[in-house]
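Data block below; observations after.
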Protein chains: 2
Amino acid sequence: MALFDKSDSAQLVVLSLLAEGASYGYQLTKDAATRSSGTLRLTPGVLYPMLKSLETEGLITSSWEEIKAQGSAEDGTGRRRKWYRISPKGRKRLEQRIAAHRAYTALIDTFLGGRPQEERP
Amino acid sequence: MALFDKSDSAQLVVLSLLAEGASYGYQLTKDAATRSSGTLRLTPGVLYPMLKSLETEGLITSSWEEIKAQGSAEDGTGRRRKWYRISPKGRKRLEQRIAAHRAYTALIDTFLGGRPQEERP
DNA sequence: ACATATATATCGCCGCTCGATATATTGGCG
DNA sequence: CGCCAATATATCGAGCGGCGATATATATGT
C-alpha cells in the first residue's frame with residue numbers, strides 16, 4: 001500500500017509457492033489461479049519481471065530444461081522450460097515477508113478493532 | 001498490491017478513524033501514529049489528497065470551524081480547522097473495504113497454509 | 001525574539017503495475 | 001492435414017499513484 005510497507009503480496013505468493021517445490025512460470029500462473037479460485041491472476045507482465053528481479057536478488061535460482069515431445073528425436077531444438085528454485089536466502093526473505101504480512105494485518109486490526117493497543121514500556 | 005485489489009489500507013485506516021467520530025487532518029495524523037506505535041506515518045502529502053478524493057466521492061463531508069485562541073477577541077481571522085465526518089455512503093464503503101481486507105488476508109493464508117482449498121462445485 | 005507545534009494544502013518526480021504485444025512449440029480435433 | 005487453443009517465456013512503456021519537499025499562517029512556550 002504505502003505508509004507501511006506494502007508487504008508485497010505478489011512476491012510473497014511466488015516465494016511461498018516455490019518454497020513448496022521447484023516450478024516454472026506458466027505453472028506458477030496456474031497454481032496461483034487454482035489456489036485462489038481464479039481471483040489471483042499472475043499475468044506474464046507481472047510474473048516474469050518479478051522472477052527476474054527475484055533471481056537478481058539471489059532469492060531464487062533458475063535452470064533450463066528440455067521438454068521431450070512425444071515423437072521427437074532429441075535434436076536439441078525442442079521446447080524449453082525454465083525451472084525456478086528458492087534459495088536459502090529466499091527462504092529467509094519469505095519468513096520476513098510473512099512476518100511483515102502478520103504485522104500488517106495486526107496493524108489494520110488495531111484500527112478495525114477500535115481501541116488503541118495497550119502500551120508496554 | 002495489484003493482482004488482487006490493493007485493498008487500499010490508507011483509505012481503510014482513515015475511514016475507520018472517522019467512523020469512530022469526527023476529526024480533522026492533523027488529528028488523524030496523530031491518531032494514526034499513536035494507534036500504530038509510530039509505524040504508520042500519515043504524512044500531509046498522503047493525507048490531504050486522500051481526504052479530498054474521499055470528499056469528492058461523497059464518502060466524507062467537511063466543515064470549517066474557528067479555533068478560539070486564549071486571549072483573542074473573535075475578530076474572525078483566527079486559525080481555522082477543517083472537520084471531517086464520515087457519510088452513510090462512507091460507512092458502506094468502509095464495510096466493503098473491511099470485507100476486501102478479510103478476503104485478502106484469507107487469500108494470502110491460502111498460500112501460506114500450503115494446501116489448496118477444497119473446491120465447491 | 002525565536003523555535004517549535006499546530007494546521008492545512010499543493011506539486012511533480014520517480015518508480016512500479018500490468019495490459020498489450022511478440023514469438024515459438026505442441027496437442028487435439030474434425 | 002490444417003488450424004486453433006494451449007503451453008511457455010519474455011519485453012515494453014503509458015499511466016497512475018505515493019509521498020517527499022515545499023509553502024503558508026497562527027499559536028504557544030521559553
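Note that these values count all heavy atoms, side chains included, but never hydrogens, waters or copies made by symmetry. Order of the sequence lines sets the chain letters (A, B, ...), proteins ahead of strands, with each chain counted from 1. None of the values given here were measured: they were computed from a predicted structure.
One finds the CG atom of Leu40(A) at 8.5 Å from the OG atom of Ser9(A) (value rounded to the nearest 0.5 Å). The structure places CZ of Arg97(A) at 9.5 Å from CG of Leu94(A), a figure rounded to the nearest 0.5 Å.
Side-chain atoms of Tyr104(B) and Thr105(A) form no donor-acceptor pair, as typed in the model, at a separation below 3.5 Å. Between Ser63(A) and Arg85(A), the side chains place a donor N or O and an acceptor N or O closer than 3.5 Å (distance only, hydrogens not considered).
Rounded to whole Å, atom C1' of dC16(D) lies 13 Å from atom CG of Asp8(B). Across the protein-nucleic acid pair, Arg41(B) atom CZ and dG18(D) atom P stand 16 Å apart, rounded to whole Å. Look at CG on Leu40(B): it is 14 Å from C1' on dG18(D), rounded to the nearest Å. Whole-Å rounding puts the Lys30(A) NZ to dT7(D) C1' distance at 9 Å.
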Legend entry - Heavy-atom protein contacts under 4.0 Å, nucleotides 7-13 of chain C, coded B base, S sugar-phosphate only, - none: BBBB---
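Annotation for Tyr84(B) and Leu51(B): closest pair CE1-CD1, 3.5 Å, computed over non-hydrogen atoms.
Formation of a donor-acceptor pair under 3.5 Å by the Ser37(A) side chain with backbone atoms of Ala33(A) is not found in this model.
Hydrophobic clustering (ILVMFWY, side-chain heavy atoms < 4.5 Å, transitive): Tyr48(A) and Val14(A) are in one cluster.
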Inset, instruction - Please step through side chain to side chain contact (heavy atoms under 4.5 Å, CB included) for the pair Glu57(A) and Gln11(A), ending with a clear verdict. - result: CA-CA 12 Å; Glu57(A) 283 194 80; Gln11(A) 221 181 71; 4.2 Å; yes
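Fit an axis to the five pairs at each end of the helix from dA1(C)-dT30(D) to dG30(C)-dC1(D) and the two axes sit 20° apart, to the nearest 10 degrees.
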